[in-house]
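Heavy atoms only: backbone and side chains are in, while hydrogens, waters and symmetry mates are out. Per chain, numbering begins at 1; letters A, B, ... match sequence-line order.
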Amino acid sequence: MRMSMLLAPTLREVPAEAEIASHKLMLRAGLMRKAAAGIYTYLPLGYRTLQKIEAIIREEMNAADGQEVLLPILQPAELWHESNRWDDYGEEMFKLKDRNGRQFCLGPTHEEIITALVRTEIRSYRQLPLLLYQIQNKYRDEIRPRFGIMRGREFIMKDLYSFDRDAQGLDKNYWKMYHAYERVFARCGLKTRPVEADPGAIGGNMTHEFMALAEAGEAEIVYCSHCDYAANVEKAQSVISSGKKTGVLEGLAKVSTPNIRTVEELGEFLGRPASDMIKTMLYHNSDMVVAALVRGDHAVNDIKLARAVGVMELELADQATIEEVTGAPMGFAGPVGLKGCRIIADPTVMEMENAISGGNAVDVHMTGVNPGRDFKPDLVIDIRTAQPGDSCPCGQGTLIGARGIEVGQVFKLGTKYSQALGATFLDEAGEENLLIMGCYGIGVTRTMAAVVEQCHDDDGIIWPMSLAPYHVIVVPINYRDESQKAVVDALYEDLTMAGIEVVLDDRNERPGVKFKDADLIGFPIRITVGPRTLENKEAEVRLRSTGEEYVIPLSEVVTNAKERIRRAIEAELPDSRRGR
RNA sequence: CGGGGUAUGGCGCAGUUUGGUAGCGCGCUUCGUUCGGGACGAAGAGGCCCUCGGUUCGAAUCCGAGUACCCCGACCA
């Protein structure tokens with residue numbers, strides 16, 4: 001491709017809308033442009049990279065016996081009513097009507113449509129297992145689109161669905177996909193970490209998220225310094241060393257604490273650490289109120305709490321509910337004498353002695369609170385949010401905190417959708433059984449953003465060889481110089497003939513401009529031809545990733561580049577797949 | 001949906017407080033001089049100042065309504 005022909009509108013200045021590095025760079029390097037909030041047009045360079053990511057995914061999915069299909073994006077409402085997600089998905093779904101008033105949605109995901117397909121096509125255990133996947137646009141009317149392509153309303157996703165006859169089959173496919181994902185992301189040059197996660201609203205019972213480590217990531221994770229344990233903080237377990245037990249129990253006493261509402265204020269007022277306090281948080285949903293008890297220096301994990309009481313969602317109670325249940329305004333809730341709600345305590349609370357808590361009255365707290373003696377929770381279960389510095393459940397290591405971009409997720413769905421939509425098969429005995437499903441997603445467009453987030457410097461993007469829109473850019477210092485033009489045109493021809501993806505910067509620009517653009521776009525290999533080296537029939541090769549620069553004879557440029565590209569792509573392959 | 005902010009040429013911004021009919025930098029076009037890390041000079045093109053309504057002799061500027069976009073929170077690949 002000649003640069004003069006290429007639509008690669010690089011920007012010197014950062015558009016005001018961009019916040020994080022990947023967003024800024026994707027706009028600046030001319031990979032994409034915004035069409036509306038969370039909706040983007042992909043320009044030639046961006047689309048080439050996207051296609052490369054898709055190609056890698058296809059290879060790995062096919063290698064794992066996946067079969068690609070193309071599913072409708074415009075989907076009938078009936079199917080979503082069957083799974084009950086027309087309402088459950090709610091506002092986040094783009095809904096529309098046809099001219100006859102029939103309702104449709106733009107698919108935010110494809111469980112319904114694929115299950116509907118499979119229920120009519122699969123009858124026998126002989127047809128299982130079945131792995132189908134698609135790479136397509138998905139639509140979610142996000143509450144808040146953000147960070148460019150990272151959280152868009154239209155985005156490209158790969159989803160693979162597995163159908164098995166039993167749990168063993170599902171387990172096998174689950175781990176097959178897990179390992180396929182490790183390969184996909186490794187080949188994309190992305191540093192990812194699989195973490196245990198909460199299954200959330202999609203349903204199912206086991207899931208790992210693949211997190212691309214990045215400061216800009218929206219997810220918080222912890223991982224162990226010693227073992228392989230890693231989890232989303234929504235789900236993470238941890239062990240916390242309990243204080244020494246004295247066995248000397250004080251009596252329960254009320255103290256006056258005028259206008260003291262927060263743990264910090266109380267600690268200061270009484271001269272006691274937050275870890276001596278029992279924090280009582282009230283949560284509710286439409287049919288219950290729950291009091292959650294954690295130590296003062298801990299945080300309630302509302303997802304764990306919701307799981308503990310067996311509901312999908314709980315939110316912090318409002319002032320009115322708090323007053324109704326505790327008889328006091330916010331800030332004075334405590335477990336002693338609390339009635340009218342379920343009390344859930346974290347195990348660490350049960351180990352406390354002579355604790356401090358709210359007194360369920362205005363300006364009153366209690367001291368000498370001893371769990372078990374002064375109150376009895378309805379349930380004792382882990383509901384605290386794990387924090388960096390906690391001990392790992394393995395008992396050996398310490399949890400380390402990090403942020404990540406969720407680029408993929410593998411899920412054991414079980415029978416949620418096959419049940420809802422009636423997808424069954426007959427086994428050897430002629431018995432009808434529900435299909436056991438798994439689903440495995442990769443955010444394709446998000447992966448591109450994550451790669452840029454991880455692979456850039458002050459000058460621009462540093463594409464991994466496997467994803468670079470073009471491998472090589474040839475830069476003549478002055479294209480109007482006849483001798484340079486001749487050399488560079490020939491070089492371009494030779495590189496192209498050798499099957500190398502190459503751009504020739506034939507623009508009438510000063511060298512500095514071309515270098516800046518080359519760095520910004522992130523071509524892995526730059527070949528410069530100018531008077532300095534031309535007299536010796538040489539060219540200069542510069543590597544974007546390291547800044548390394550060397551001069552070689554013109555005659556060796558093609559083989560040198562070819563070899564370098566081959567080796568770079570191979571280096572990104574995980575060991576198990578090399579030389580496949 | 002709650003809270004905060006912005007809207008002026010392709011991009012980044014000033015002008016709005018104190019109404020008088022729009023300006024700067026970058027980019028773009030042409031010519032010349034340049035040519036190894038975003039050159040210089042000269043001459044140009046390009047703007048219903050987000051929309052609608054109001055106040056006024058006169059509105060980018062004041063008032064009202066609406067829309068879009070961005071940031072912070074709950075949702076999620």
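- Contact annotation: side chain of D517(A) to base of rG38(B), donor-acceptor pair present below 3.5 Å.
- For R144(A), a side-chain nitrogen or oxygen approaches OP1 or OP2 of rC71(B) to under 4.0 Å.
- Partner H208(A) forms a side chain to side chain donor-acceptor pair (under 3.5 Å) with one of Y178(A), Y181(A), Y174(A) and no other, that one being Y174(A).
- Counting non-hydrogen atoms under 4.0 angstrom, R526(A) reaches a base of the nucleic acid.
- With a 3.5 Å ceiling on both atom-pair distances, rA22(B) lacks any Watson-Crick or G-U wobble partner.
- Both E406(A) and F515(A) lie near RNA chain B, and the one whose nearest nucleotide falls closer to the 5' end is F515(A).
- Nucleotide rG46(B) forms a pair with no other nucleotide shown, judged by Watson-Crick or G-U wobble geometry with both contacts under 3.5 Å.
- Applying the 3.5 Å distance criterion, the base of rC76(B) shares a donor-acceptor pair with the side chain of R151(A).
- Picking from rC35(B), rC69(B), rC75(B) the nucleotide with the shortest atom distance to the side chain of I143(A) gives rC75(B).
- When both distances must be under 3.5 Å, the Watson-Crick or G-U wobble mate of rC40(B) is rG32(B).
- Below the 3.5 angstrom threshold, one finds a donor paired with an acceptor across the side chain of D519(A) and the base of rG37(B).
- Between E549(A) and R542(A) there is a salt bridge, since at least one side-chain N of the basic residue sits less than 4.0 Å from a carboxylate O of the acidic one.
- Counting any heavy atom pair closer than 4.0 Å across all strands shown, G530(A) reaches a base atom.
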* To do: Carefully, step by step, assess Y40(A) and E154(A) under the rule side chain to side chain contact (heavy atoms under 4.5 Å, CB included).
  => CA-CA 8 Å; Y40(A) 288 83; E154(A) 175 181 82; over 6 Å; no

Would you tabulate the nitrogen or oxygen pairs shorter than 3.5 Å linking the protein to nucleotides 5-11 of chain B?
{"from": "rC11(B)", "atom 1": "O2", "to": "E13(A)", "atom 2": "OE1", "distance (Å)": "3.3"}

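- Between E209(A) and E17(A), the residue anchored nearer the 5' end of RNA chain B, judged by the nucleotide with its closest heavy atom, is E17(A).
- Rounding to whole angstrom units, CG of residue N508(A) and P of rU33(B) are separated by 13 Å.
- Contact between P476(A) and K514(A) at its shortest, heavy atoms only, is O-NZ, 2.8 Å.
- G152(A) comes within 4.0 angstrom of a base, heavy atoms only.
- When E406(A), E220(A), E196(A), M211(A) are each tested for a side chain to side chain contact (heavy atoms under 4.5 Å, CB included) with N232(A), only one passes: M211(A).
- In a base pair of the Watson-Crick type (N1 to N3 plus N6-O4 or O6-N4) or a G-U wobble (N1-O2 and O6-N3), with each distance short of 3.5 Å, rU67(B) is matched with rA7(B).
- Across all strands shown, nothing is found opposite rU55(B) as a Watson-Crick or G-U wobble partner with both distances under 3.5 Å.
- For the pair R48(A) and Y470(A), the cation-pi criterion (under 6.0 Å, within 45° of the ring axis) is fulfilled.
- In this structure, rG2(B) forms a base pair with rC72(B), meeting either the Watson-Crick or the G-U wobble geometry with both donor-acceptor distances under 3.5 Å.
- Within the 4.0 angstrom heavy-atom criterion, base atoms lie near E540(A).
- Base pairing of rA14(B) is not made with any nucleotide, judged by Watson-Crick or G-U wobble geometry with both donor-acceptor distances under 3.5 Å.
- Residue K514(A) contributes atom NZ, which lies 12 Å from atom P of rA39(B) at whole-angstrom precision.
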